[in-house]
Every structure is written in structure tokens, then in C-alpha cells.
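This structure is a prediction, so every number in the text was calculated from the model and none was measured. As the structure lists them, so they are numbered: ligands from 1, and atoms in each ligand from 1.
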Amino acid sequence: MADPQTEAPRKATMKIQEVRTIVTCPGRNFVLLKIITDEGVYGVGDGTLNGRELAVAKALEEHIAPLLIGRDPDQIEDTWQYLFRGTYWRGGPVLNSALAAVDLALWDIKGKRAGMPLYSLLGGKTRNGAVCYTHAHGESFEEVTDRAREFIDRGFKVVRCQSAIPGIANTYGTGKASGPHGESLPLVETWEPTPYLKTVPRLFEHLRNELGDEVELFHDVHERLTPIQAAQLAKALEPHRLIFLEDPLRPEHKESFRVIRQHSTTPIGMGELFTNKWECLPLITEQLIDYIRCDLAHIGGITEAKKIATVAECYHVQTAWHGPPDIAPITHAANVHLDLAIPNFGVQEWIEHPPEVAEVIPGGPTFEDGYLTVSDAPGLGCDINEDAAKKYPYQRGYLPTTRRADGAVHDW
Ligand code: CS2
Ligand code: MG
């Protein structure tokens, strides 16, 4: 523990000697962390925040790294509390992504010291693999169906489906929005609820007719609807049996989820924009959602996710941790370690990174027949190849923004 007067670390068997932030862009930007101890053991973490990467990198370099030098890497909870509550100005996506990077790296060190994979430290395996989903998208229903079929043929048992909406330019999830965009300004997407609400149920009717009943399907609203629109959509989708409807409402309005629940039995998933456990609480304790899907890289890492999973378990809520391509394989590995250990795992989002990513960050999860697994290597099982990282310098990139047909800003 730290000295109560000075925060100077008390004598520890092992000390943090160096904290290295690595920003790299092997196809997209990642903010990686290496925490190196005086005994040579090191841990790797990920604090990538898509579109605001350097804010996290600066927070780590300038504000957090100096606080870690000399601390005992074993005391993860104390370090977590110290970094979260000890800043006074706490939380939010930037600071909690930075905190996540530290948390992941400390768990990695703990696993390496114990000689155990993380899932083992978290209580051991409750399942052999984590069933996962990926994204099928397209300009037409036929294109979405063909993509979904390719994934099903590869073994996927769950597929997220998004199609272009007639009359709307650059619809979310149809494939134009990802990756760094150089120095350019954000791509602008448009949004109108009426064509969207008409199209999505038709898409799923088409998909069920073409793909049958066995595959699990779902759809990401990306927090764009009003409560009553979300209720209408959830109700209209009932016959198509979605595993869940993802992120229907903005993260600010927890009580609005009651409106959806009052009108529909379509399961609801929510959470990639949350940055701490308290934001999840009302949705879980009121049983307004069925899947909690926070992003480990934005909520302060494994320490916070484990607590959220435990609270969710008490209320029959399952996990579906966010697993987009804009977080590094280190976070994907952390997701799967947790999925394998907790009793209330639901489904895991997973998008295959291009090969350059594995060159820089080897050791991410492995996909086989619809399931993800991780290696039995101690810790998270990932590494950072710093020489390879140098080959791919940071490129400024923005997420798209969204405007209504009349030009007004809407949620992306
Ligand atoms: C999406 C994300 O994976 C998802 O469910 O909502 O792709 C999200 O748009 C990105 O993580 C934003 O960076
Ligand atoms: Mg989403």
C-alpha cells in the first residue's frame, strides 16, 4: 500500500519501473501501454478511444505514468481506486480508457507472475469457448443476406445485420465509416427515423425467409431512436426473434428504457458508451435490458467489468462486451478471458483484424466454428512488437457525424 501521508509506495517485492505508451496505426489507430517492472516482467494494455486516441495517450504519458512509477504492480484494486477517485476529476471516456490500459497491463503482470492465464485467475473456465458474432452489412437486403450466409458458412452462429436505408446517404454500419481518414474532416451520415423504422423490420423478414430460423440475428440501432420509436421497432421485430436489439437509446436516458420494455419482448442490449458501473446499474437492477455490453477499454478494464458482470448475474442480465475493430486484440483477449470465467456470459462481439494488427499485437483470441478461445499463456497472452508498431505511425482519423435531412445534428 502507499504511504498514507505522501502516496509514496511502501516497500514492495516488485515495483513498476517504466510505463510506455505506444501509439500505432496498423490499419487503424491503437493506444497501447506497456508497464515494465524492476524484475523485467511486463504487462500490456489497451486504451484505444476511437477518434480521440491522443487525448488518452497524453493522459497516460503526462498524468498517469508518473503516478505509477515505484508502485507495487500486484495491488490492482488499490491502483484502480487511486487513479479513479484520486484524480478528483474522475471518469469519462478519456480517463477511463487510460485507466483500462493500466488495469489490463496490471492483470497481465499478475497472470505472468502467477504463471496462469487470466481466465484462471478470475476463477477458472466455466465454458470451453465464447460464442461470438460479427457484422454483415450491405447496400441491399440481398447483399446483407449473402454476407450473413458467408459468415454462417464459416461457423458463425450469431450475426449482426445492417443494411442501407433507401433515401438516406451513408447509413451507419454499412461499411463506409471505419478506419482513419487521414487529415480529412469526419464523414457526414444522414438520419431520418421514418424510412429507418420502415426498412429494418423488412430487412429481418427477408433475412429470416432466406436464412431460416437457426441462426441468431440482431441489429445495432447505435443510440438514435426516441423511446417510443425504439418501442415501435422492438415490437415490429418480435416475429423475427432477435437475440437482442442493440443500443436503441442514447446513454443519458436510463428511465426511457422502461418505455421499450412496456411494449415489447424483444431482448435489449446496451452499454458501449457507458464508462462506469454506476451507469449500468438502473438498467440492470430494474431488468430493463437483457445484455450489458460495456467496452472493457473504456470502463476501466477487467476490474470494473468483473464487478458489472457480478451485479448483472444477480438480475438475469448476460454480458455481450463491446468488441469492435477499433479496440486492440489485447482488449479482445481480455473480453474472452472474462467470457470464459463468468457464469452469465451471453455473446461476444468480434471482428477480425487485418494481418498487420497481429504483426504489431500478437496473441489475440482465436476463432473456430463460431467460438473464440484464448491461449493458455500466462496473463492475457498478448504482446506488443514495438519495432513493428513503429512502421505504422499514428494517422488522425474521425468517426463520422450524423445530421438530419434538415441539417440538424443527430447522434452518430
Ligand atoms: C459499434 C461500434 O461494434 C459496435 O457495436 O457500435 O462499431 C462503434 O460504432 C465503434 O466502436 C465506434 O468507435
Ligand atoms: Mg454498437
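Atom 10 (C) of ligand 1 has its closest protein heavy atom at Asp326 OD2, 3.2 Å. Protein heavy atom in closest approach to atom 2 (C) of ligand 1: His322 NE2, 3.4 Å. Shortest contact from atom 13 (O) of ligand 1 to any protein heavy atom: Asn50 ND2, 2.9 Å. Of all protein heavy atoms, the one closest to atom 6 (O) of ligand 1 is Glu272 OE2, 2.6 Å.
Using cut-offs of 30° and 60° for the angle between ring planes, the His332 and His353 rings count as perpendicular. Between Trp191 and His410, the two ring planes are parallel [angle under 30°; tilted spans 30° to 60°]. Using cut-offs of 30° and 60° on the angle between ring planes, the pair His298 and His322 is tilted.
By the 3.5 Å distance cut-off applied to N or O atoms, Tyr133 is not counted among the residues near ligand 1. The shortest N or O to N or O distance between Trp412 and ligand 1 is not below 3.5 Å.
Annotation: cation-pi pair Lys307/Trp278 absent, no NZ/CZ under 6.0 Å from the ring centroid and within 45° of its normal. Cation-pi geometry between Arg154 and Phe367 is satisfied (NZ or CZ under 6.0 Å from the ring centre, within 45° of the ring normal).
Inspection of the His137 and Arg147 side chains reveals an N or O donor paired with an N or O acceptor under 3.5 Å. Side chains of Glu349 and Trp321: no donor on one and acceptor on the other come within 3.5 Å.
Between Phe156 and Tyr133, the ring center distance fails the sub-6.0 Å criterion.
Two residues are said to be in side-chain contact when any heavy atoms from C-beta on lie closer than 4.5 Å; Tyr172 and Arg224 meet this criterion.
Counting only protein N, O or S atoms, 3 lie closer than 2.8 Å to the Mg ion (ligand 2).
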